[in-house]
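Here is how names work: the chains are called A, B, and so on, in the same order as the sequence lines, proteins then strands, and each is numbered from 1. None of the values given here were measured: they were computed from a predicted structure.
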Number of protein chains: 2
Amino acid sequence: MTAIRDDIHTVIEGRHDAILADFQALLRIPSISALPAHDPDTLRAADYVLGMLRAAKLEHVRLIETTGKPLLYADWLHAPGKPTVLLYAHYDVQPVDPRSEWDSDPFDPIIQDDYIIARGACDDKNNLTAIIHAAGALLAEGSLPVNVRFLIEGEEESGGEVIEEYVQSHPKELASDIVVIADGGIAGHDQPQLEYGCRGMVYVEILARGPKRDLHSGTYGGNAPNPLFALATIIAGLKKPDGTITIPGLSKTVRPPSEMEWANWRKQIPRFEEDMQADTGTALIGDPAQPPIMRAWAQPTMEVHGFVGGFQDDGSKTVIPAEAKVKVSLRLVPDQDPAKMLKLLQKRVAKLTPPGITSEVVNLGLGMPFFTDPTSPAFTASVRALEAEFDKEVWLSRAGGSVPIATTLQTVLKADTVMVGFGLESDGAHSPNEHTHLPTFFRGVRSFARMLRAFGEIDGGR
Amino acid sequence: MTAIRDDIHTVIEGRHDAILADFQALLRIPSISALPAHDPDTLRAADYVLGMLRAAKLEHVRLIETTGKPLLYADWLHAPGKPTVLLYAHYDVQPVDPRSEWDSDPFDPIIQDDYIIARGACDDKNNLTAIIHAAGALLAEGSLPVNVRFLIEGEEESGGEVIEEYVQSHPKELASDIVVIADGGIAGHDQPQLEYGCRGMVYVEILARGPKRDLHSGTYGGNAPNPLFALATIIAGLKKPDGTITIPGLSKTVRPPSEMEWANWRKQIPRFEEDMQADTGTALIGDPAQPPIMRAWAQPTMEVHGFVGGFQDDGSKTVIPAEAKVKVSLRLVPDQDPAKMLKLLQKRVAKLTPPGITSEVVNLGLGMPFFTDPTSPAFTASVRALEAEFDKEVWLSRAGGSVPIATTLQTVLKADTVMVGFGLESDGAHSPNEHTHLPTFFRGVRSFARMLRAFGEIDGGR
């Protein structure tokens with residue numbers, strides 16, 4: 001904690017109580033977007049956030065009705081000649097089950113030592129509270145040097161379709177030069193991190209149809225084609241046991257990381273491999289030609305998520321099902337095009353389909369890989385801001401997961417996009433006893449304020 | 001219908017009304033053993049059958065309490081120097097779902113043209129009614145030439161463990177020379193059939209364990225081993241796409257059918273392949289070195305019945321599950337020993353298990369293949385009886401399925417065992433609108449009576 005004490009500290013420290021009060025109040029609202037029973041709570045959380053935006057003296061604060069949970073918008077556009085920054089976060093949370101594994105009420109935040117424990121504490125009510133208060137503090141001080149827009153959603157944990165649609169259809173209303181996705185993570189309490197890329201996605205169901213009806217495996221076994229067996233052979237034909245994907249042409253357009261990226265990643269390898277080892281608790285596997293960090297950030301993967309069909313209860317029913325399906329995803333990296341990768345997958349599945357079976361690859365969703373140039377002015381400014389706060393070199397990372405809204409905002413707005421956040425992997429997002437480290441949370445508020453200031457030093461605007 | 005009219009016709013025809021009344025009364029009782037809500041009905045059915053046994057003037061009629069549904073026993077042992085014949089059938093039925101696909105109430109038997117429609121009409125209340133009335137008619141006429149024992153169970157459709165245990169522990173009380181399993185099928189209304197063999201079984205769950213907890217496929221995909229993928233590669237490694245099993249040593253002890261068997265099967269090939277084609281509605285597959293009838297009756301098969309684990313609902317969750325399992329069965333033929341085949345399977349699975357995964361093959365049940373010499377006196381007598389009734393050459397068949405109680409009775413009692421019954425595959429056992437052809441049902445009663453008479457012509461007894 002060797003951070004430079006400056007006026008940002010003063011500005012934010014004077015507001016600690018109010019910031020914490022908002023954070024706690026938000027955590028008390030069980031805004032679980034996946035469960036319809038919690039729809040009133042989700043609306044209550046939206047309403048509370050609207051109040052925070054108003055209290056921060058933002059303008060045009062409004063709730064945008066959608067076919068799903070409402071979006072929240074606000075702006076402040078009084079910095080002519082300066083960049084416009086769109087700040088994104090979400091007010092919904094994951095369900096709490098298994099409830100029995102929580103040591104306290106998930107919606108009664110308690111503070112133990114330096115930690116606050118509640119559902120949403122690290123995903124994403126911490127970052128949501130932080131961005132509003134960071135902008136509010138600068139506004140109150142008369143020192144917000146950029147234009148800002150807030151776009152906040154309420155179903156990130158349960159679909160996220162309405163914001164995609166809204167952004168696609170409102171490019172002018174949202175016009176911005178820089179996008180900050182305040183839903184990322186940090187590598188350690190003392191290790192700042194910014195993410196400039198994440199993987200795209202092809203998610204499919206492979207259907208296999210065989211006999212015209214379910215059959216008894218005694219009478220028909222040996223003569224009737226079995227759709228579940230067919231799917232097993234198809235899956236086994238998509239990847240070698242060591243993890244190398246065997247879909248011809250799939251890796252042709254994979255762009256290797258730049259020298260600058262690789263130099264930055266090399267520093268992160270020990271922590272990455274240690275974390276990966278600790279989180280999985282088993283031997284790592286994967287394409288032996290690539291180190292683990294490359295396999296997660298710069299290489300495509302294929303995973304199978306579930307087989308549907310046949311008999312899945314306890315006991316020993318002997319059925320050859322008429323049909324079955326399997327859920328499969330590809331994660332993609334630049335410059336893999338999801339629609340083209342889907343075609344390659346479909347071609348491979350057709351080739352692997354055994355006699356007596358017809359197969360079909362059903363597209364459940366495509367997502368472009370996200371990539372922003374980490375040497376762009378927005379990124380360089382973000383690095384400066386975090387280094388000022390942490391007094392430590394910032395790690396520039398990609399992520400293995402997929403953040404569709406990052407890709408959409410970047411593509412539609414043609415804005416440099418930075419993913420940042422202040423929860424750790426070990427804080428347990430989506431898990432029981434989710435928590436956040438309060439000193440790191442307040443560092444987050446200061447970091448966002450510093451970023452807004454640093455963006456103000458960038459030339460231009462529109 | 002060119003059967004020889006003789007005294008058996010006279011004896012049985014005089015009883016048609018009483019036989020049909022009992023059959024209908026039994027069909028009205030929803031004795032679904034799999035559903036605890038129907039336990040009182042199952043007891044009611046047991047009670048009704050006890051009444052039928054008493055009315056047939058059988059002796060020692062009694063209900064045997066078990067840990068499951070009761071067994072029913074009766075005997076008549078007044079034919080010294082003659083064989084003792086144990087007659088087996090069951091009084092329970094399958095559930096009726098999907099109920100909406102029934103055109104009439106499954107437990108209100110209706111007669112349309114020559115068919116009676118109800119759950120249990122062809123499995124197994126027809127054969128149960130027939131064996132009791134066949135013995136009862138001969139007893140009433142003073143012409144039952146053999147000793148008989150009835151052993152009737154009430155959970156054939158939902159486990160069948162209690163009868164296994166009872167037979168194992170009561171070999172003396174059940175001592176018999178011949179066993180008739182009255183739960184088989186017939187090839188056609190005018191095509192008599194006797195079964196002398198069926199396949200054994202190894203049923204397992206293969207468990208695969210990978211990461212210590214469920215993981216996000218974005219963050220961990222490419223580095224974490226996926227138990228579902230591991231199971232797919234294991235399954236794909238047990239059998240070629242064409243159906244040939246690839247478990248070393250598995251087929252070494254397969255005994256080829258005898259010349260006499262093969263001569264008998266050859267006649268059945270056209271109907272077998274036509275039925276197989278019609279029932280599956282798709283191209284047949286299987287070991288190309290074997291004709292379809294051999295693949296079903298004289299060769300082992302491996303089938304996969306269901307994968308458990310991961311995400312199986314609608315939509316697109318991206319999870320790498322910590323563990324998963326798959327249900328797999330082998331069907332076995334003489335002289336494959338189930339315990340030894342299980343070991344070969346376990347060895348093969350261990351070899352196919354990919355890096356990062358631990359696997360375990362859990363035995364859910366072993367069953368010996370069943371085989372009785374089709375030239376034994378009991379079989380020859382059965383053939384004579386059915387040829388007298390149908391005036392047509394009897395098909396001697398094996399079955400692809402497994403009938404554990406046939407193996408157990410044969411092994412424990414060291415008795416020649418004949419599987420016979422009068423339902424057709426097309427009668428829809430276990431399906432909506434289950435039915436039986438009434439003229440064939442009455443032929444069944446006559447056939448059982450003729451078999452008992454024919455057994456009386458066999459020398460010996462104990």
Open item on the list: Please give me the minimum heavy-atom distance between B:Phe307 and A:Ala232, naming the atom from each residue.
Closed with: CZ-CB, 4.2 Å

Task: Residue selection (most heavy-atom pairs with chain A, distance under 4.5 Å) from B:Pro292, B:Gly286, B:Ala322, B:Pro354 - done: B:Pro292

Open item on the list: To check you understand the geometry: which heavy-atom pair defines the closest contact between B:Pro241 and A:Pro355, and what is its length?
Closed with: O-CD, 4.4 Å

Task: Contact class of B:Asp242 relative to chain A, heavy atoms under 4.5 angstrom - done: neither

Open item on the list: For the CD1 atom of A:Ile293 and the CG atom of B:Asn223, what is their distance to the nearest 0.5 Å?
Closed with: 9.5 Å

TODO: Could you look at B:Thr280 and say if it's the side chain, the backbone, both or neither that has a heavy atom under 4.5 Å from chain A?
DONE: both

TODO: Find the one option among B:Arg295, B:Met302, B:Lys325 whose heavy-atom pairs under 4.5 Å with chain A are most numerous.
DONE: B:Arg295

- [ ] Please state whether the side chain, the backbone, both or neither of B:Ile235 comes within less than 4.5 Å of a heavy atom of chain A.
- [x] both

TODO: Under 4.5 Å heavy-atom distance to chain A, tell me which part of B:Ala296 shows up: side chain, backbone, both or neither.
DONE: both

Open item on the list: Please classify the contact between B:His305 and chain A as side chain, backbone, both or neither, with a heavy-atom cut-off of under 4.5 Å.
Closed with: both

- [ ] Go through the atoms of B:Ser329 and report whether side chain, backbone, both or neither lie under 4.5 Å from a heavy atom of chain A.
- [x] side chain

Task: Top contributor to chain A interface from B:Leu284, B:Leu228, B:Thr219 [non-hydrogen pairs under 4.5 Å] - done: B:Leu228

TODO: Against chain A, label B:Met294 side chain, backbone, both or neither, depending on which of its atoms sit under 4.5 Å from a heavy atom there.
DONE: neither

- [ ] Tell me, out of A:Arg209, A:His216, A:Arg199, who's got the most heavy-atom pairs with chain B below 4.5 Å.
- [x] A:Arg199

Open item on the list: I need the minimum non-hydrogen distance between A:Gln312 and B:Val308, along with the two atoms involved.
Closed with: O-CG2, 3.7 Å

Open item on the list: Quick check on B:Glu425 against chain A: is it the side chain, the backbone, both or neither that has a heavy atom closer than 4.5 Å?
Closed with: side chain

TODO: Among the options B:Lys239, B:His430, B:Gln290, pick out the one with the most heavy-atom pairs lying under 4.5 Å from chain A.
DONE: B:Lys239

Open item on the list: Whether the side chain of A:Tyr203 engages the backbone of B:Lys317 through a donor-acceptor N/O pair (distance < 3.5 Å, no angle test) should be reported.
Closed with: yes

Task: Leading residue by heavy atom contact count with chain B [cutoff under 4.5 Å; candidates A:Gly310, A:Ser217, A:Ala283, A:Gly243] - done: A:Ser217

TODO: Apply the side-chain contact (heavy atoms from CB on, under 4.5 Å) test between A:Thr318 and each candidate in B:Arg331, B:Lys327, B:Glu303; give the one that qualifies.
DONE: B:Arg331

TODO: Identify which part of A:Ala224 has an atom lying under 4.5 Å from any heavy atom of chain B, answering side chain, backbone, both or neither.
DONE: both

TODO: Indicate yes or no for a side-chain donor-acceptor contact from B:Asn226 to the backbone of A:Val304 under 3.5 Å, with no hydrogens or angles considered.
DONE: yes

Task: Within-4.5 Å side-chain heavy-atom neighbours: A:Pro225 and B:Thr282 - done: yes

TODO: Provide the closest heavy-atom pair for B:Met276 versus A:Tyr220 in the form atom of the first, atom of the second, distance.
DONE: SD-CD2, 3.3 Å

- [ ] With a 4.5 angstrom heavy-atom cut-off, could you sort out which part of B:Ala429 is near chain A: side chain, backbone, both or neither?
- [x] neither

TODO: May I ask you to name which of B:Met201, B:Arg213, B:Glu205 has the most heavy-atom pairs under 4.5 Å with chain A?
DONE: B:Arg213

Task: Contact leader toward chain A among B:Gly281, B:Ser316, B:Pro211, where contacts are heavy-atom pairs under 4.5 Å - done: B:Ser316

Task: Over all atoms of both residues, closest heavy-atom pair of A:Asp279 and B:Leu215 - done: O-CD2, 3.9 Å

